[in-house]
Asks: 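Got a structure here, written out as structure tokens. Questions coming.
Just so it is clear, the values below take in all heavy atoms, side chains as well, and ignore hydrogens, waters and symmetry mates. All values reported here derive from a predicted model rather than from experimental measurement. Residue numbering restarts at 1 for every chain, and letters A, B, ... go by the order of the sequence lines.
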2 protein chains.
Amino acid sequence: MTAPLQDAHQDSRTLADQVVERLQDDIVLGVLPPGTKLGEAELAARYGVSRGPLREAIRRLESRKLLERIPHVGTRVATLKLEDLIEIYRVREALEGMAARQAAENMSQAEIAGLWELLALHEQQQDLQEDTAYFQRAGDLDFHYRVIQGSHNRTLIDLLIDEIYHRVRMYRYQFSMTANRPRKALAEHRHIVEAIEARDGEMAELLMRRHISRARQYLEERQRRER
Amino acid sequence: MTAPLQDAHQDSRTLADQVVERLQDDIVLGVLPPGTKLGEAELAARYGVSRGPLREAIRRLESRKLLERIPHVGTRVATLKLEDLIEIYRVREALEGMAARQAAENMSQAEIAGLWELLALHEQQQDLQEDTAYFQRAGDLDFHYRVIQGSHNRTLIDLLIDEIYHRVRMYRYQFSMTANRPRKALAEHRHIVEAIEARDGEMAELLMRRHISRARQYLEERQRRER
DNA sequence: ATCAAGAATATTGTCGACAATTCAGCAACC
DNA sequence: GGTTGCTGAATTGTCGACAATATTCTTGAT
């Protein structure tokens with residue numbers, strides 16, 4: 001009914017793709033809080049599409065574990081418990097460790113230089129102390145994204161980006177989770193890049209695993225405190 | 001095989017679910033060879049459903065990387081290159097290593113006993129030399145499957161089962177890949193279970209990683225020979 | 001003969017309507 | 001009073017038809 005406005009010339013993508021993107025943002029950014037019941041008719045109206053493309057979008061986000069669906073009952077926004085996040089960090093430890101190893105083997109000199117620039121930018125922002133929390137969260141993700149891409153392992157990249165990182169982002173927004181140990185984290189990032197630059201895959205993996213393992217231990221600490 | 005979770009009741013599953021299962025089997029077992037162009041109307045007729053549920057099934061298998069889809073063009077069965085399989089084995093090395101570590105921490109005594117029984121069965125089959133290739137392939141998957149489950153890490157389990165193992169199975173059927181070093185593999189399996197039983201997570205992870213790494217090196221050897 | 005442009009065809013994307021299933025509420029019974 | 005079975009309202013699952021897009025084939029010119 002609201003279709004004729006944007007006649008598919010700007011976005012050559014399919015309607016379902018656009019809905020996936022918008023719906024995912026609404027979930028990750030918390031516009032649709034965890035546990036929200038999602039009626040198909042309601043959502044279809046919200047995004048101005050029919051139920052067909054909408055259902056397709058729901059399936060995609062379900063496979064990314066952002067939605068939970070029960071046949072004949074309905075769909076709701078996934079509720080991420082701290083326990084789940086700890087499980088995810090175990091997976092991150094394994095996968096990003098391997099990513100760092102392969103990054104040390106496969107990254108180009110230009111990519112490594114880009115990493116150094118990124119770290120310099122982070123350091124500068126930290127000195128200025130302006131909006132530190134926000135930039136540090138985004139910056140941390142930026143760093144990890146780049147190392148993952150640097151592995152040049154398409155399977156690994158897709159797994160981390162499509163299946164893992166959306167949930168990590170959702171959790172961070174949901175709990176307004178500020179970086180818990182910014183200076184130490186930045187120092188660890190630097191050591192990882194040093195190992196990558198030295199083409200020491202084993203060391204890069206070890207350092208990345210310790211880096212993520214420490215973040216997990218912080219979560220486990222918080223979990224113990226919560227009960 | 002892939003859905004032992006909720007199979008207790010009748011066929012009350014949705015049509016799309018049934019199509020997913022049948023279509024996935026046809027792909028993994030090679031009934032639909034890699035590269036096959038899949039017309040929606042044709043497939044809908046083949047499985048006796050409308051295009052609606054069929055499209056849903058296609059999306060699910062696309063997200064599992066068993067199908068490749070191009071908007072407005074069509075869907076075809078994914079072609080798995082040896083290069084892709086090597087990437088997958090890197091991911092397996094990381095993820096199953098972590099699975100073995102957590103299995104050593106979390107497996108129950110009953111589960112460990114079950115692992116020993118499984119190994120005894122494999123040994124017996126190997127002595128008899130009956131249909132060794134087939135049983136060894138399935139048996140190897142069984143072993144890894146159980147260790148994965150033993151991690152008691154739902155995120156890790158879902159990742160490996162839903163995103164990785166279907167492609168491994170597809171490749172094995174596709175190339176009639178016989179186990180390349182059965183006796184050694186069985187011995188390595190035993191050592192892994194010993195580490196799990198001793199609750200030595202670090203050792204279990206190390207052994208599992210070496211186990212999978214060796215299989216990857218065999219694939220890389222084969223890759224070099226192919227050109 | 002080769003290539004380009006345009007029409008014809010086939011396939012996918014989208015939509016609205018109908019059927020099947022679940023859940024809430026109510027009534028009757030133990 | 002609590003439980004069980006029924007009824008209906010609402011939501012999801014499925015289907016067939018129509019619109020939009022890509023591919024193929026024809027036709028004409030160089």
Asks: For A:Tyr47 and A:Asp26, test the side chains for any donor-to-acceptor distance below 3.5 angstrom and give the result as yes or no.
Replies: yes

Asks: Rounded to whole Å, how long is the line connecting atom CD of A:Gln18 with atom P of C:dG13?
Replies: 14 Å

Asks: With no hydrogens and no angle check, just 3.5 Å: does a side-chain donor-acceptor pair link B:His189 and B:His122?
Replies: no

Asks: When the distance from NZ of A:Lys37 to P of D:dT11 is rounded to whole Å, what number comes out?
Replies: 7 Å

Asks: Establish, with yes or no, whether the OP1 or OP2 oxygen of C:dT14 is under 4.0 angstrom from a side-chain nitrogen or oxygen of A:Thr14.
Replies: yes

Asks: Which residues, if any, of residues 53-68 of chain A bring a heavy atom under 4.0 Å of DNA chain D?
Replies: A:Arg55, A:Arg59

Asks: Looking at the side chain of B:Leu15, which of D:dT14, C:dC15, D:dT21 is the nearest nucleotide?
Replies: D:dT14

Asks: With a 3.5 Å cut-off and no angle check, do the side chains of B:Gln102 and B:Ser151 form a donor-acceptor pair?
Replies: no

Asks: Once the angle between the rings of A:Tyr165 and A:His144 is folded into 0 to 90°, is it parallel (under 30°), tilted (30 to 60°) or perpendicular (over 60°)?
Replies: tilted

Asks: Going through the checks in order, is the side-chain contact (heavy atoms from CB on, under 4.5 Å) test met by B:Glu111 and B:Arg146?
Replies: CA-CA 8 Å; B:Glu111 286 174 309; B:Arg146 290 221 200 176; over 6 Å; no

Asks: Take the protein atom CD1 of B:Ile70 and the nucleotide atom P of D:dT21, then report the distance between them rounded to whole Å.
Replies: 17 Å

Asks: Return the nearest nucleotide to the side chain of A:His72; candidates are D:dA22, D:dG13, D:dT14.
Replies: D:dG13

Asks: Less than 3.5 Å apart, any donor N or O on the side chain of A:Asp140 or A:Tyr145 sitting next to an acceptor on the other?
Replies: no

Asks: Would you kindly say whether A:Arg60 and A:Gln24 are connected by a side-chain donor-acceptor distance under 3.5 Å?
Replies: no

Asks: When the distance from CZ of A:Arg51 to C1' of D:dC15 is rounded to whole Å, what number comes out?
Replies: 12 Å

Asks: What nucleotide, of D:dG13, C:dC15, C:dG13, holds the atom closest to the side chain of A:Ser50?
Replies: C:dC15

Asks: For B:Leu38, answer base if it contacts any base atom (sugar-phosphate contacts may also be present), sugar-phosphate if it contacts only those atoms, and nothing otherwise; contact means non-hydrogen atoms under 4.0 Å.
Replies: sugar-phosphate

Asks: Give a yes or no answer on whether the side chain of B:Glu62 reaches the backbone of B:Glu68 with a donor-acceptor pair at less than 3.5 Å.
Replies: no

Asks: DNA chain C: A:Val73 or A:Gly52, which has the more 5' nearest nucleotide?
Replies: A:Gly52

Asks: Measuring from the side chain of A:Glu40 (C-beta onward, heavy atoms only), which nucleotide among D:dA22, D:dT12, D:dC15 has the closest atom?
Replies: D:dT12

Asks: Between B:Arg76 and B:Thr36, is the side-chain contact (heavy atoms from CB on, under 4.5 Å) condition met? List the steps.
Replies: CA-CA 5 Å; B:Arg76 54 182 55 238; B:Thr36 306; over 6 Å; no

Asks: If the helix axis at each end comes from five base pairs, how far does the helix from C:dA1-D:dT30 to C:dC30-D:dG1 deviate from straight, to 10°?
Replies: 20°

